[in-house]
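Just so it is clear: chains get the letters A, B, ... in the order the sequence lines come, proteins before strands, and each one is counted from 1. Everything numeric in this text was worked out from a predicted model, so none of it was measured.
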Amino acid sequence: MTDFERKVYEAVKLIPEGFVATYGQIAELAGYPRAARAVGNALHRNPDEEHVFCHRVVNSNGDLAKSFGFGGRDEQRRRLIAEGVYVVNYKVDLSEYGINLNDFLK
DNA sequence: GTTGGGGCCGTCA
DNA sequence: CTGACGGCCCCAA
């Protein structure tokens, strides 16, 4: 496992229940502001879905990933709903559930 | 709403 | 080293 991946997973763990973050935000939290793409790559190889909430990560449009790593979008959607996140056609309202980076950058 | 192009980054073959 | 390949992003038509 690389440092990059570790940081990404750590960042993902910071997302509070009932909220979601974009790949770009995760990239920033991880310390790689422009590595949104690499983030997706890392998440695909998610080591343990139990502790890393990859289902709380969506793209800048609020859409769920097409090729979710386990169980597909349906599983991702199921988990979000279970947390109280309203999901419509594999899409979430970022202005409602999106996180604010400033709340994580102390 | 839709494409399409350019740029970005880390991994792996 | 080089070149592909993504759970991406942004802006311009």
Side-chain angles (χ1 to χ4, degrees):
Chain A
M1 165 152 325
T2 67
D3 282 2
F4 171 74
E5 292 175 326
R6 234 190 309 283
K7 287 217 175 182
V8 169
Y9 301 139
E10 284 303 315
V12 174
K13 290 179 182 174
L14 297 178
I15 307 174
E17 180 178 325
F19 286 86
V20 299
T22 70
Y23 293 90
Q25 290 177 320
I26 295 299
E28 286 193 24
L29 288 178
Y32 299 73
R34 305 298 169 208
R37 208 167 185 177
V39 168
N41 210 317
L43 283 185
H44 188 149
R45 312 154 155 276
N46 188 344
D48 66 296
E49 57 169 82
E50 290 300 320
H51 300 80
V52 179
F53 318 112
C54 47
H55 61 280
R56 294 180 186 160
V57 186
V58 300
N59 64 24
S60 62
N61 287 310
D63 287 311
L64 274 59
K66 339 172 189 41
S67 311
F68 200 63
F70 60 100
R73 300 178 297 185
D74 295 307
E75 178 60 15
Q76 182 174 14
R77 173 170 133 294
R78 191 191 72 72
R79 285 194 172 195
L80 287 174
I81 292 179
E83 295 182 356
V85 177
Y86 194 47
V87 181
V88 182
N89 198 344
Y90 301 108
K91 191 181 308 179
V92 303
D93 186 343
L94 285 179
S95 64
E96 180 69 20
Y97 304 104
I99 65 173
N100 184 335
L101 274 186
N102 299 320
D103 296 338
F104 296 84
L105 303 176
K106 62 175 182 309

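Between the side chain of A:R37 and the base of C:dG7, no donor-acceptor pair under 3.5 Å is found. The base of B:dC9 lies outside donor-acceptor range of the side chain of A:R34, with no N or O pair under 3.5 Å.
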Run the numbers on A:K7 and A:E10 for salt bridge (charged side-chain N to carboxylate O under 4.0 Å, His left out), then give the verdict. CA-CA 5 Å; A:K7 287 217 175 182; A:E10 284 303 315; over 6 Å; no
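Computed from coordinates, the A:Y32 OH to B:dT11 C1' distance equals 13 Å when rounded to whole Å. Following rounding to the nearest Å, A:L80 (CG) and C:dG7 (C1') show an atom-to-atom distance of 13 Å. Atoms NE2 (A:H44) and C1' (C:dC5) sit 12 Å apart, rounded to a whole Å. Taking atom CZ on A:F4 and atom C1' on B:dG10, their separation rounds to 6 Å, with Å as the unit. The separation between A:K7 atom NZ and B:dG10 atom P is 12 Å, rounded to whole Å. Rounded to a whole Å, the CZ atom of A:R6 is 15 Å from the P atom of B:dG10. A:L43 has its CG atom 21 Å from the P atom of C:dC5, to the nearest Å. Counting to the nearest Å, the P atom of C:dG7 and the CZ atom of A:F70 are 14 Å from each other.
Pair assignment for B:dC9 gives C:dG6, based on Watson-Crick or G-U wobble hydrogen-bonding distances that are each under 3.5 Å.
Although no hydrogens or angles enter the test, the distance criterion places a donor-acceptor pair under 3.5 Å between the side chain of A:Y9 and the main chain of A:A42. Between the side chain of A:Q25 and the main chain of A:T22, a donor-acceptor pair closer than 3.5 Å is present.
Across all strands, A:V57 comes closer than 4.0 Å to base atoms (heavy-atom distances). Base engagement by A:N41 is indicated by at least one non-hydrogen atom pair under 4.0 Å involving a base atom. Among the protein residues, A:A65 comes within range of the nucleic acid bases, having at least one heavy atom under 4.0 Å from a base atom. As judged by a 4.0 angstrom heavy-atom cut-off over every strand, A:A36 is placed among residues touching the sugar-phosphate backbone only. Looking at heavy-atom distances under 4.0 Å, A:R73 makes no contact with the nucleic acid at all. Within the nucleic acid shown, A:Y23 comes within 4.0 Å of at least one base atom, counting heavy atoms only. Within 4.0 Å (heavy atoms only), A:S60 reaches sugar-phosphate atoms of the nucleic acid but no base atom.
Of the candidates C:dG7, B:dC9, C:dC8, the closest approach to any side-chain atom of A:A35 belongs to B:dC9. Of the candidate nucleotides B:dT11, C:dC9, C:dG7, B:dT11 has the atom lying nearest to any side-chain atom of A:R45. With distances taken from any side-chain atom of A:E5 to the nucleotides B:dT11, C:dC8, B:dC9, the minimum falls on B:dT11.
The shortest distance between the side-chain N/O atoms of A:K66 and the OP1/OP2 oxygens of C:dG6 is not below 4.0 Å.
No hydrogens or angles considered: a donor-acceptor pair under 3.5 Å links the side chains of A:E83 and A:H55.
To the nearest whole angstrom, the two P atoms, one in B:dG6 and one in C:dG7, are 22 Å apart.
Sequence order on DNA chain C of the closest nucleotides to A:V39 and A:V58 puts A:V39 first from the 5' end.
Both tests hold for A:R73 against A:Y90: distance to the six-membered ring centre under 6.0 Å, angle to the ring axis within 45°.
Atom CZ of A:F70 sits in a crowded spot, with more than 12 heavy atoms from other residues, nucleotides or ligands closer than 6.0 Å.
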